[in-house]
Colleague: 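Please see the structure below; I have some questions.
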Number of protein chains: 2
Amino acid sequence: MYKIGHIAKQLNVSTDTLRYYERQGLLQASVRSPAGYRLYDDSALEQMRFIVRAKAVGFSLRDIQELLTIKIDKHNHSCEEVKSLTLQKLTQTRQRIEELLKFERSLSVLAERCCGGEESADDCSILTALEDVDGSA
Amino acid sequence: MYKIGHIAKQLNVSTDTLRYYERQGLLQASVRSPAGYRLYDDSALEQMRFIVRAKAVGFSLRDIQELLTIKIDKHNHSCEEVKSLTLQKLTQTRQRIEELLKFERSLSVLAERCCGGEESADDCSILTALEDVDGSA
DNA sequence: CTTGACCTTGAACTCAACTCTAAGGTTTAT
DNA sequence: ATAAACCTTAGAGTTGAGTTCAAGGTCAAG
Ligand SMILES: [Zn+2]
Ligand SMILES: [Zn+2]
Ligand SMILES: [Zn+2]
Ligand SMILES: [Zn+2]
């Protein structure tokens, strides 16, 4: 049985994060010590690893809750549900990437055109582009 | 002179957003009507357009504040400052894109391997990957 | 027997960019 | 004259993922 600080170090998260996940219903301590300390067993540690890995591939805590619900009772859930969550996250991620790529292209163009010199910004092409109706943003 | 609702419609933002921008120091109404209504002139409208365009290329409201400070007194600011803000934002954007691309690749791999069928999730490869230490995440 | 490292709680705070609510005043059209 | 469509304010709520705080209890070592 491990105390919260031990788990935190193992998984490189803060104890606050572990308590927060508990409040969010993601990970309960297995038992409490007589003094009220949270005590985690190996299966709790494994569950926390699952959470950390799911976060590392881009799932939100809410997604992870759903994944855990399925994982805990696999037999009454289907591959389809899991894949659907994954594809949904994939779609969201791609949309966000598209949006950021637009930003990236606009910002590159703006940066390329500006001389970046020490002289006054009176004729700065970046400001001009943002002012003009014809800013090629 | 335009009332807030007029500006809001023109620029496709909410009146709340305009009031919020005012609180944030981004855009003051030119004057107030006797009844206390905000009245904007064309230069205020232009400034709001600037803000909207800057947002559209990915600048945050805080960035935009800095840009406006420069824009309002171009003569005492340099191209270098403007370009620096732009490059900084570009770097941030690229970093975020990199992060999301990692998510995207991991999620694609997970999704590809899962059959997505209606049968139970007992052997779902996605769950397995997230459980196993060897999850190729 | 006390110091320091650990643990507990609830509540408030953070960031960003709004959005919403309540309770009211103004303008315009019919 | 009254209803619809505006506008005002201060302040609270939202989302997501935590972090920080205050005030205190516990445990091992020296
Ligand atoms: Zn220049
Ligand atoms: Zn420039
Ligand atoms: Zn399957
Ligand atoms: Zn599957």
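Lettering follows sequence order; numbering is per chain, from 1. These numbers come from a predicted model, not from an experiment.
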Colleague: Quick one: closest heavy-atom pair of A:Ile51 and A:Leu26, and the distance?
Modeller: CD1-O, 3.7 Å
Colleague: Is there side-chain contact between A:Gln10 and A:His6, with at least one heavy-atom pair below 4.5 Å?
Modeller: yes
Colleague: First contact, last contact: which nucleotides of DNA chain D are these for chain A, 5' to 3', heavy-atom distance under 4.0 Å?
Modeller: D:dG16 to D:dC27
Colleague: Starting at CG of A:Leu110, measure out to CG of B:Leu87 and round the result to the nearest 0.5 Å.
Modeller: 10.0 Å
Colleague: Over how many whole Å does the gap from A:Leu18 atom CG to C:dC6 atom C1' extend?
Modeller: 15 Å
Colleague: Under 4.0 Å between any heavy atoms, over every strand shown, what does A:Arg38 touch: base, sugar-phosphate, or nothing? Just pick one.
Modeller: sugar-phosphate
Colleague: How long is the straight-line distance from NZ of B:Lys74 back to CG of A:Asp123, given to the nearest 0.5 Å?
Modeller: 7.5 Å
Colleague: So that I can tick it off, tell me whether A:Arg19 and A:Glu22 are bridged by a salt bridge, with the cut-off set at under 4.0 angstrom between side-chain N and carboxylate O.
Modeller: no
Colleague: When you check the gap from the basic side-chain N to the acidic O, do B:Arg53 and A:Glu131 get nearer than 4.0 Å?
Modeller: no
Colleague: Taking the six-membered ring of A:Phe50, is the NZ or CZ of A:Lys71 close enough (under 6.0 Å from the centre) and on axis enough (within 45°)?
Modeller: yes
Colleague: Is there a donor-acceptor pair closer than 3.5 Å between any side-chain N or O of A:Ser125 and the backbone N or O of A:Arg113?
Modeller: yes
Colleague: Between protein and nucleotides 17-30 of chain C, map the contacts as a letter string: B base, S sugar-phosphate only, - none, heavy atoms under 4.0 Å, written 5' to 3'.
Modeller: BBBB----BBS---
